[in-house]
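Below: one structure, written as structure tokens.
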Number of protein chains: 2
Amino acid sequence: MTEAAGGGRDAESVSKFVESFAAQLVEAGMQRMAARVFAALLSSDKGVMTSAELGEQLQISPAAVSGAVRYLAQTHMVSREREPGSRRERYRVRGDQWYEALTNREAVLKRWEAALREGVSSLGADTPAGRRMAETLAFFEFVEGEVAAMMERWRERREKMFGA
Amino acid sequence: MTEAAGGGRDAESVSKFVESFAAQLVEAGMQRMAARVFAALLSSDKGVMTSAELGEQLQISPAAVSGAVRYLAQTHMVSREREPGSRRERYRVRGDQWYEALTNREAVLKRWEAALREGVSSLGADTPAGRRMAETLAFFEFVEGEVAAMMERWRERREKMFGA
DNA sequence: CCTTAACTTCACAAATTTCTGAAAGAAGCG
DNA sequence: CGCTTCTTTCAGAAATTTGTGAAGTTAAGG
């Protein structure tokens, strides 16, 4: 059997998934350690791990875990939990965490929009460049609204497929 | 007047926009030179510039332009045009180029999905981790379909707002 | 309070990425 | 055909990013 004793899954399968999924995330622009930590959490049995467990499994220093987790928490990819009555912190990923993360991309969009508005008004709305930027701006505004609606639909569908 | 003679806009306004918009793109993960080139094109009068013009305006070497443009073309953020009857190449950004670029993110999604499917089957669809990954996978599949539909809606709206 | 366990911050070393100048490679034009 | 003009490739210097060990900080538990 590939199942080891002591409640572990096949450590090699897990590691293989972790590294290959992390690699995809890195390629899409995520920091390497953050990607690995996220993948490890995603493939963990409970979806929760302590800093020590992460460092152990990924063979990285506490400092690296700390940095990765800070990034992931900022971008809402994981949530931190203070285990009550212990100085241990636990990091959790839920199945619908991507929903959260994507929703928060909105802040980025907002900043892009601000920069574009600035550009339109400083170059002049009646210039060719101004019109081009205005169109870009309109596209972003459109996407922003659509994403919100899309997320609402996902909520409904998710509830049906996976329950609450 | 801020309008210089010779058809130029106020060079400083343009540069200010270019750098500030580029900075936002960089923060979101784009390479710096690519971001600057893209912003320069977006704010150019015709939406078209030659390699030499880009190098001149941004004060970067031909090599840097070449690298940036290759990246932008790969990700469909700009299109290259061979000016017929000249060894000069021209790079163009259109108002709806983001549409193109976003559409092509699909390939990235596909790879993520593949990695997740691999993970689900290797960890077991009946394990907690497997279920969590399956849910993530379902989310991505959902998004993929929704984005396609969204883009179709944008096309329609765009036509109304800006014409063809 | 003092001890101890855990996380965070800091300074530095290592690795990677980025940009340049120079040379090589295409492609029009005479 | 060779010249000229533009783009790309390449090797290396410079800058940035990344990850570590070690010191610092916070908070639980005696």
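Keep in mind it's a predicted model, so treat the numbers as computed, not measured. Letters A, B, ... are given to chains in the order of the sequence lines, protein chains preceding strands, and every chain is numbered from 1.
Residue Ser66(A) places its side chain closer to dT8(C) than to any other of dC19(C), dT20(D), dT8(C). Among dT20(C), dT8(C), dT16(D), the nucleotide with an atom closest to any side-chain atom of Pro62(A) is dT8(C). Among dA28(D), dT9(D), dT16(D), the nucleotide with an atom closest to any side-chain atom of Arg87(A) is dA28(D). Side-chain proximity of Ala63(B) to the nucleotides dC10(C), dT18(D), dT20(C) is greatest for dT20(C). Among the nucleotides dA6(C), dT9(C), dT7(D), the one closest to any side-chain atom of Arg88(B) is dT7(D). Closest contact between the side chain of Tyr91(B) and the listed nucleotides dT8(C), dT20(C), dT8(D) involves dT8(D).
Thr103(B) places a side-chain N or O within donor-acceptor distance of the main-chain N or O of Tyr99(B), the cut-off being under 3.5 Å.
Taking atom CZ on Arg90(A) and atom P on dC7(C), their separation rounds to 12 Å, with Å as the unit. Between Leu54(B) atom CG and dT8(D) atom P the separation is 12 Å, expressed in whole Å. Atom CG in Leu58(B) sits about 15 Å away from atom C1' in dT18(C), given to the nearest Å. In this structure, Ile60(B) places its CD1 atom 20 Å from P of dA14(D), rounding to the nearest Å. Residue Gln59(B) contributes atom CD, which lies 14 Å from atom C1' of dC19(C) at whole-angstrom precision. Nucleotide dA14(D) holds its C1' atom 12 Å from the CZ atom of Arg32(B), rounded to whole Å. As a whole-Å value, the separation of Glu56(B) CD from dC6(D) C1' is 16 Å. Between the CD atom of Glu89(A) and the C1' atom of dT26(D) there is a distance of 12 Å, given to the nearest Å.
Heavy-atom nearest nucleotides on DNA chain C were determined for Ala64(B) and for Arg82(B), and the one closer to the 5' end corresponds to Ala64(B).
Just one residue in the list Glu19(B), Gln59(B), Gln31(B) forms a side-chain hydrogen bond (donor to acceptor under 3.5 Å, both in side chains) with Arg36(B), and that residue is Glu19(B).
Within the model, atoms OG1 of Thr136(B) and CH2 of Trp112(B) stand 11.5 Å from one another, a figure rounded to the nearest 0.5 Å.
Within the 4.0 angstrom heavy-atom criterion, only backbone atoms of the sugar-phosphate kind lie near Arg80(B); the bases stay farther away. Residue-level contact check: Gly85(B) touches the backbone only, with heavy atoms under 4.0 Å from sugar-phosphate atoms and none from bases.
Under 4.0 angstrom from either OP1 or OP2 of dT7(D) there lies at least one side-chain N or O belonging to Ser51(B). Using a 4.0 Å cut-off, some side-chain N or O of Arg70(B) falls inside it from OP1 or OP2 of dT9(D).
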Are Phe139(A) and Trp98(B) close enough, and set up right, to give a ring pair (Phe, Tyr, Trp, His ring centres under 6.0 Å), and what steps lead you there? CA-CA 8 Å; Phe139(A) 176 66; Trp98(B) 283 96; 7.6 Å; no
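Comment: Arg131(B) does not engage Glu135(B) in a salt bridge, judged by the lack of any side-chain N to carboxylate O separation of less than 4.0 angstrom.
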